[in-house]
Amino acid sequence: MRAAIFASGNGSNFEAIAKSNELKNAGLEIEVLVCDQPDAHVIQRAQKYHIPVLVVKLSDYPNRGLYEQAIIEKLIPLKIEYIFLAGYMRVVTPVLLGKYPKRIINIHPSLLPKFSGLEAIERAFASGDEVTGVTIHYIDEGVDTGPIIKQNKVVRLKNDTVDSLAQRIHQTEHQMYRQVILDLLNKNNGVDKK
Ligand SMILES: Nc1nc2c(c(=O)[nH]1)N[C@@H](CN(C=O)c1ccc(C(=O)N[C@@H](CCC(=O)O)C(=O)O)cc1)CN2
Ligand SMILES: NCC(=O)N[C@@H]1O[C@H](COP(=O)([O-])[O-])[C@@H](O)[C@H]1O
């Protein structure tokens with residue numbers, strides 16, 4: 001399976017996927033990292049794994065449609081089958097969605113529909129909820145409204161700080177994303193999950 005990963009920041013989810021021999025052996029081929037932030041740490045992570053990097057800045061284009069069209073033109077020759085968003089901080093428009101229908105997957109650090117949007121961990125912590133979690137979903141034209149693929153709960157501990165909770169959420173994310181992608185690969189390879 002030929003995939004592109006889109007990220008804007010730290011890149012721990014990107015690395016969790018890129019470093020997995022299990023996913024590589026199951027047929028995952030990460031063709032490119034697409035990043036909208038030239039100084040994002042995720043770019044250094046991609047270089048460590050010798051994954052090509054495509055930096056496309058939204059500010060270099062008059063609108064989002066032309067920005068996404070520029071990305072599409074680079075993705076077409078790579079024959080990308082799936083796009084995994086991993087901390088990609090741009091709302092995807094119908095231009096990219098239309099090119100890759102039901103093929104763009106996102107990870108979000110809350111139990112959607114609760115705490116959709118930005119700063120989800122901080123907002124969940126501030127709410128006092130005893131349980132939060134992680135959602136992996138297909139994206140649609142809305143933000144964090146697409147069909148849910150998988151959700152896992154993360155319990156807030158009595159002595160948790162927002163940082164200690166975030167750390168457990170990220171650990172949960174890394175394991176979940178690898179499992180969701182492995183399930184996709186196995187489905188593609190005709191491997192029965194049972
Ligand atoms: N069409 C969709 N695009 C994206 C989705 C989605 O579900 N549908 N998920 C997001 C990820 N995301 C939350 O999970 C998210 C990312 C970015 C934003 C946002 O408001 N971005 C602003 C810029 C913010 C900034 O620069 O700091 C923007 O795009 O103008 C909200 C939610 C990925 N895309
Ligand atoms: N709304 C989207 C959103 O909040 N995405 C979140 O950004 C973080 C990126 O971390 P990473 O760069 O270390 O993978 C992750 O927690 C991801 O769920």
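All ligand and atom numbering here is 1-based and tracks the order in the structure. Given the structure is predicted, the values throughout are model-derived calculations rather than measurements.
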message: Under 4.0 Å from a heavy atom of G87: which atoms of ligand 2 are those, numbered in the order shown and with their elements?
response: 7 (O), 9 (C)
field: From D183, N188, I181, residue fulfilling side-chain contact (heavy atoms from CB on, under 4.5 Å) relative to L185
entry: I181
query: Is E15 near ligand 2, meaning one of its heavy atoms is under 4.0 Å from it?
result: no
query: Looking only at N/O atoms, are G117 and ligand 1 under 3.5 Å apart anywhere?
result: no
- request: For atom 5 (C) of ligand 1, find the nearest protein heavy atom and state the residue, atom name and distance (0.1 Å precision).
  value: I139 CG2, 4.1 Å
- prompt: Going by atom types alone, do S116 and H108 pair a side-chain donor with an acceptor below 3.5 Å?
  reply: no
field: N/O donor-acceptor pair under 3.5 Å between E81 side chain and R2 backbone
entry: yes
query: Looking only at protein heavy atoms, which one is nearest to atom 7 (O) of ligand 1, and how far off is it?
result: D144 N, 2.7 Å
message: Assess the residue pair K150 and M176 against the criterion (side chain to side chain contact (heavy atoms under 4.5 Å, CB included)); give the C-alpha distance rounded to whole Å, side-chain angles, the decisive distance to 0.1 Å, and a yes or no.
response: CA-CA 8 Å; K150 189 180 182 71; M176 274 177 77; 3.9 Å; yes
Inter-residue atom distance I5.CD1 - I80.CD1, 0.5 Å rounding: 10.0 Å
- request: Check if A7 has a non-hydrogen atom at a distance under 4.0 Å from any atom of ligand 2.
  value: no
query: Within a strict 4.5 Å, meaning less than it, do heavy atoms of the I121 and T132 side chains meet?
result: no
- prompt: Any idea which protein heavy atom is nearest atom 32 (C) of ligand 1, and the distance to it?
  reply: V143 CG1, 3.4 Å
task: Please report which non-hydrogen protein atom sits nearest to atom 10 (O) of ligand 2, along with the residue it belongs to and the distance in Å to one decimal place.
output: N13 ND2, 4.0 Å
message: Would you say CD of E122 has more than 12 non-hydrogen atoms from neighbouring residues, nucleotides or ligands within 6.0 angstrom?
response: yes
task: Might you work through the side chain to side chain contact (heavy atoms under 4.5 Å, CB included) test for V56 and K74, ending with a clear yes or no?
output: CA-CA 10 Å; V56 188; K74 299 287 188 183; 5.8 Å; no
- request: Begin with the C-alpha distance, continue with both residues' side-chain angles, and end with the deciding distance and a verdict on side chain to side chain contact (heavy atoms under 4.5 Å, CB included) for V131 and L111.
  value: CA-CA 9 Å; V131 179; L111 294 175; 4.3 Å; yes
message: Does ligand 2 come near enough to N106 that some N or O of the ligand is less than 3.5 Å from an N or O of the residue?
response: no
Top protein contact for atom 3 (N) of ligand 1, by heavy-atom distance: V92 N, 2.8 Å
Under 3.5 Å donor-acceptor, E141 side chain and P94 backbone: no
message: Using a 4.0 Å cut-off to any heavy atom of H170, which atoms of ligand 2 qualify?
response: 16 (O)
message: Which of the numbered atoms in ligand 2 are under 4.0 angstrom from any heavy atom belonging to M89?
response: 2 (C), 3 (C), 4 (O), 5 (N), 7 (O)
field: Residue part near ligand 1, for N106, under 4.0 Å between non-hydrogen atoms
entry: side chain
query: Evaluating non-hydrogen atoms only, which member of R64, H108, H137 is closest to atom 28 (C) of ligand 1?
result: R64
query: Just by distance, with hydrogens left out, do E68 and Y61 show a side-chain donor and acceptor under 3.5 Å apart?
result: no
query: S110 side chain to A120 main-chain N or O, any donor-acceptor pair under 3.5 Å?
result: no
- prompt: What is the closest protein heavy atom to atom 18 (O) of ligand 2, and at what distance does it sit?
  reply: E173 OE2, 2.4 Å
- prompt: Does A120 have a heavy atom less than 4.0 Å from any atom of ligand 2?
  reply: no
- prompt: Going by distance only, is there an N or O of G11 that falls short of 3.5 Å from an N or O of ligand 2?
  reply: yes
task: For atom 27 (O) of ligand 1, grab the closest protein heavy atom and report residue, atom and distance to one decimal in Å.
output: L118 CD1, 4.6 Å
query: Just by distance, do the side chain of R45 and the backbone of N13 share a donor-acceptor pair under 3.5 Å?
result: no
field: Under 4.0 Å to a heavy atom of N10 - the qualifying atoms of ligand 2, by number
entry: 12 (O), 13 (O)
message: So for ligand 1, is G142 a polar contact partner (N or O within less than 3.5 Å, distance only)?
response: yes
- prompt: Just checking, is any N or O donor in the side chain of H170 or Q167 under 3.5 Å from an acceptor N or O on the other one?
  reply: no
statement: Of all protein heavy atoms, the one nearest atom 6 (C) of ligand 2 is P109 CD, 3.8 Å
D140 near ligand 1 by a heavy-atom separation under 4.0 Å: yes
- prompt: Does any N or O in the side chain of T93 come within less than 3.5 Å of the main-chain N or O of R64, such that one atom is a donor and the other an acceptor?
  reply: no
- line: Per-atom filter on ligand 2: closer than 4.0 angstrom to a heavy atom of G117 are 1 (N)
message: Geometry only, no angles: is D144 polar-contacting ligand 2 at N/O separations under 3.5 Å?
response: no
query: What protein heavy atom sits nearest atom 19 (C) of ligand 1, and how far away is it?
result: V91 CG2, 3.9 Å
- prompt: Taking the non-hydrogen atoms of G87, is any one of them nearer than 4.0 angstrom to ligand 1?
  reply: no
task: Around atom 34 (N) of ligand 1, find the nearest protein heavy atom and jot down its residue, atom name and distance.
output: R90 O, 2.7 Å
message: How far is atom 21 (N) of ligand 1 from the closest protein heavy atom, and which atom is that?
response: M89 O, 3.3 Å
message: Using a 4.0 Å cut-off to any heavy atom of S12, which atoms of ligand 2 qualify?
response: 11 (P), 12 (O), 13 (O), 14 (O)
- prompt: Do N106 and V92 pass the side chain to side chain contact (heavy atoms under 4.5 Å, CB included) test, and can you show the C-alpha distance, the side-chain angles, and the key distance before you say yes or no?
  reply: CA-CA 11 Å; N106 182 52; V92 174; over 6 Å; no
- prompt: How about Y67 and D36: do any of their side-chain heavy atoms sit closer than 4.5 Å?
  reply: yes
